[in-house]
Number of protein chains: 2
Amino acid sequence: MSVEDRKMKVLQAIVDDYVTTNEPVGSKSLIERHNFPVSSATLRNDMAELEKMGLIEKPHTSAGRIPSDRGYREYVDSLMTVDQLTEAEREDISKRIDTTIFEARDLLKNASAALSETTGLVSLVMTPRLAGSSLLQLKILMIEPGKALVVMVLSAGVVKDKVVRIPNFLTPEQLKEISDSVEKSLNGKPLDEITLVTLATSVKETKIPDSLLNQVLYETYTAIKQADKLDVFLEGEHNMLKLPDFSELKRAQSLLGTLSHDGMVAGYVNEIEKEKTGGDDTYMIRIGQEIALEGLEDCSFITTTYKIGDTISGNIGVIGPKRMDYSKVISQIDFVRYKINEQIKNING
Amino acid sequence: MSVEDRKMKVLQAIVDDYVTTNEPVGSKSLIERHNFPVSSATLRNDMAELEKMGLIEKPHTSAGRIPSDRGYREYVDSLMTVDQLTEAEREDISKRIDTTIFEARDLLKNASAALSETTGLVSLVMTPRLAGSSLLQLKILMIEPGKALVVMVLSAGVVKDKVVRIPNFLTPEQLKEISDSVEKSLNGKPLDEITLVTLATSVKETKIPDSLLNQVLYETYTAIKQADKLDVFLEGEHNMLKLPDFSELKRAQSLLGTLSHDGMVAGYVNEIEKEKTGGDDTYMIRIGQEIALEGLEDCSFITTTYKIGDTISGNIGVIGPKRMDYSKVISQIDFVRYKINEQIKNING
DNA sequence: TATTAGCACTCTTGGCTTCTGAGTGCCAAA
DNA sequence: TTTGGCACTCAGAAGCCAAGAGTGCTAATA
């Protein structure tokens with residue numbers, strides 16, 4: 001084994017040990033726990049070099065080493081081995097997923113809960129990105145005078161709806177006329193290509209007075225626009241309090257404070273998703289300082305993609321301390337993702 | 001002022017002081033802050049008696065006194081004066097409430113956020129209790145073969161829907177036939193009086209084969225039953241970490257752990273709502289040990305009722321430390337409740 | 001009887017010191 | 001390049017002490 005190889009083994013050992021013990025790891029305990037065929041003095045030299053390379057660091061002079069953000073990065077990119085879950089672990093996750101759920105949103109919530117429970121971390125699920133999916137049906141139903149329900153069916157059978165205000169004296173027949181023309185002309189159009197103008201042209205031939213028409217169109221438009229809004233479910237925030245990493249109240253405060261702004265988190269996940277290079281089944285991992293959200297400096301994000309049909313996708317993942325068992329967590333996310341995909345196929349098939 | 005009266009004044013002063021300072025309050029500082037026309041020794045005697053009565057207690061021998069649960073109860077029931085919010089405070093809350101929201105659920109979420117921000121505590125909003133409200137419309141819309149949307153309009157214009165599975169080869173016409181008969185016969189019926197049998201009799205006269213019919217009926221039934229499910233929104237859990245009352249990690253852990261089970265919290269609120277004696281605009285206050293939820297021994301619940309129309313109601317309130325400014329919080333809840341009621345009237349009117 | 005001054009006693013809190021042990025860096029030898 | 005050895009560092013635990021806030025009790029007083 002070359003010296004370089006050994007240094008990497010040392011880094012790997014440091015990460016592994018630190019993740020399990022949460023104690024800075026020193027040369028002596030490293031020798032004890034792993035069977036390096038060299039002395040502690042040699043490891044000390046290696047560690048000094050790893051530190052020079054910026055992969056590990058000391059909390060203070062006379063302490064052991066902990067991985068730096070770059071150290072974790074190296075570990076995740078090159079050293080870590082992701083192994084399969086055991087049958088029991090798979091079984092455990094499967095049990096938590098309710099196979100009777102028939103609506104995507106509920107399914108995602110359920111999966112999120114399952115993920116947070118099995119990892120003991122914060123789980124994160126983004127609702128599907130629908131902007132690019134197309135409108136297959138659109139119905140405007142009269143609820144009562146002045147109030148209607150816009151129901152949209154999108155690609156892959158996703159259903160969205162919204163209650164809207166309409167002119168009081170619009171009759172059900174008029175509404176149906178509008179609804180039918182809009183549906184006819186928008187059918188198959190991607191959501192993000194629909195504009196107020198598209199809508200207006202679609203009803204040119206109806207005989208309903210413009211003043212009435214306009215409000216209905218505008219409300220319908222907002223309903224369509226709202227349909228592709230991204231929601232995020234965060235679950236298990238309280239798990240973070242159990243971790244020694246957040247036993248300092250201030251850290252916990254700032255972490256949970258930030259996580260409470262789910263819009264910000266959603267925005268961030270969406271952001272990094274755009275920068276993603278690999279395929280749908282790869283992982284986005286963001287470590288420590290790489291995360292551009294206040295209060296998450298000591299955290300890592302791991303997210304991946306689930307799919308609804310061929311085109312629609314969303315994200316699922318976890319937020320945990322930098323010091324987490326990346327390998328295990330990744331395989332857990334992977335299995336949950338697999339379950340989601342499977343069940344969605346089930347629903348749509 | 002009689003001796004008894006003074007003792008109550010002393011209790012009141014102790015609660016007030018303790019709420020603001022979070023320090024056990026002693027006889028001397030009591031004299032300093034309030035102008036009791038007696039000496040500290042007299043107050044010491046009074047305090048000894050209040051302690052005998054179980055209204056205050058000592059954390060340890062040589063500390064000041066803090067209110068006991070019963071002390072808070074006495075304070076809340078008889079001593080506290082609830083005063084109006086200032087114009088600025090009202091203004092602040094009003095600003096946080098988005099008046100463009102048109103759907104009850106969103107409105108409630110928004111109000112919940114507003115309440116949590118202004119109180120700095122955890123806000124709690126229950127979705128409306130719909131079990132007793134009646135079904136005004138019911139439509140089953142075909143989404144794609146095998147999949148339909150059940151849309152229900154309830155009293156006061158509340159809309160609920162659910163995607164359900166239907167037999168693959170059921171035609172839109174058949175579905176419409178079922179939908180129409182069901183709607184016709186259920187029209188005006190309270191949700192909780194609808195059973196599978198009611199549904200079955202409503203479609204007796206259709207010519208659709210039973211095998212097809214049964215699945216649709218069953219799914220419709222589950223949709224109706226699911227419509228009156230109570231949800232609860234908790235917001236601002238992270239605020240609790242800022243309070244000195246939960247600076248001990250263990251308390252914070254167990255509190256947030258329990259709050260993460262929102263089903264349990266919802267169940268509990270529903271429970272105490274049933275026991276409620278006063279009118280709709282009264283407050284339910286539960287203090288410390290009175291709360292039958294693990295981890296909330298140091299908390300108080302304050303809830304009240306908002307209304308949708310004349311019959312439908314739900315709860316809104318906060319969860320905070322026992323040591324909170326009851327008077328202020330109550331007036332804040334009250335104002336948010338007022339805003340909700342007002343805006344719902346707006347929507348429905 | 002209700003109130004008050006005085007006093008001895010209690011207990012937490014915060015500051016200080018000391019001690020211990022794990023860990024480091026470096027040097028000289030193998 | 002590796003190793004044994006050694007002096008040095010520093011966080012954290014343990015122990016100690018003094019200060020301060022508060023109490024209960026007693027005896028005197030209105």
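Quantities reported herein were computed from a predicted structural model and do not represent experimental measurements. Values below: every heavy atom of this structure, side chains too, minus hydrogens, waters and symmetry copies.
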task: Round to the nearest Å and state the distance from E4(B) atom CD to dT1(C) atom C1'.
output: 14 Å
message: Heavy atoms within less than 4.0 Å of DNA chain C: which residues of residues 53-69 of chain A have one? Give them sorted by number.
response: K58(A), T61(A), S62(A), A63(A), G64(A), R65(A)
- line: Test side-chain contact (heavy atoms from CB on, under 4.5 Å), reference V269(B), set I316(B), V125(B), L124(B), V232(B), output is L124(B)
From I319(B), L243(B), I302(B), residue fulfilling side-chain contact (heavy atoms from CB on, under 4.5 Å) relative to M324(B): I302(B)
- prompt: For the pair made of CG in N45(B) and P in dC25(D), what is the distance, rounded to whole Å?
  reply: 10 Å
message: Heavy atoms within less than 4.0 Å of DNA chain C: which residues of residues 6-42 of chain B have one? Give them sorted by number.
response: R6(B), V38(B), S39(B), A41(B), T42(B)
- prompt: So, does D69(B) use its side chain to make a donor-acceptor pair with the main chain of Q289(B) at under 3.5 Å?
  reply: yes
Expected rows: protein N/O vs nucleotides 28-30 of chain C N/O, under 3.5 Å:
none

query: When the distance from CD of E51(A) to C1' of dG23(C) is rounded to whole Å, what number comes out?
result: 12 Å
- prompt: Using the ring of each side chain (for Trp, its six-membered ring), is F301(B) parallel, tilted or perpendicular to Y268(B), with breaks at 30° and 60°?
  reply: perpendicular
statement: For residues 14-25 of chain A, the salt bridge (Lys or Arg N to Asp or Glu O under 4.0 Å) pairs (sequence neighbours left out) are D17(A)-R33(A)
- request: Side-chain contact test, heavy atoms from C-beta onward, threshold under 4.5 Å: evaluate it for Q84(A) versus R90(A) and give yes or no.
  value: yes
query: Per the side-chain contact (heavy atoms from CB on, under 4.5 Å) rule, which among L259(B), L296(B), V122(B) passes with V265(B)?
result: L259(B)
task: Figure out the NZ/P separation between K52(B) and dT23(D), and round it to whole Å.
output: 15 Å
query: Does the side chain of E32(B) reach to within under 4.5 Å of the side chain of K28(B), using non-hydrogen atoms?
result: yes
- prompt: Between dC25(D) atom C1' and D46(B) atom CG, what is the distance in whole Å?
  reply: 16 Å
Can you list, pair by pair, the side-chain donor-acceptor contacts under 3.5 Å of residues 41-49 of chain B, counting residues two or more places apart and other chains?
unit_1, atom_1, unit_2, atom_2, d
T42(B), OG1, S39(B), OG, 3.3
R44(B), NH1, S27(B), OG, 3.3
R44(B), NH1, S40(B), OG, 3.4
D46(B), OD1, R6(B), NH2, 3.1
D46(B), OD2, R6(B), NE, 2.6
D46(B), OD2, R6(B), NH2, 3.0
E49(B), OE1, K7(B), NZ, 3.0

message: Would you say NZ of K58(A) has more than 12 non-hydrogen atoms from neighbouring residues, nucleotides or ligands within 6.0 angstrom?
response: yes
query: Any chance the side chains of D83(A) and S327(A) put a donor and an acceptor closer than 3.5 Å?
result: yes
For nucleotides 28-30 of chain D, tabulate all protein N/O to nucleotide N/O atom pairs closer than 3.5 Å, reporting atom names and distance.
none

- prompt: Between the main-chain N or O of L241(B) and the side-chain N or O of Q253(A), is there a donor-acceptor pair closer than 3.5 Å?
  reply: yes
field: Any N/O donor-acceptor pair, R44(A) side-chain to dG4(D) base, under 3.5 Å
entry: no
Test applied, salt bridge (charged side-chain N to carboxylate O under 4.0 Å, His left out); reference residue, R96(A); option that passes from E91(A), E235(A), E117(A): E117(A)
task: Figure out the CG/P separation between L43(B) and dC25(D), and round it to whole Å.
output: 17 Å
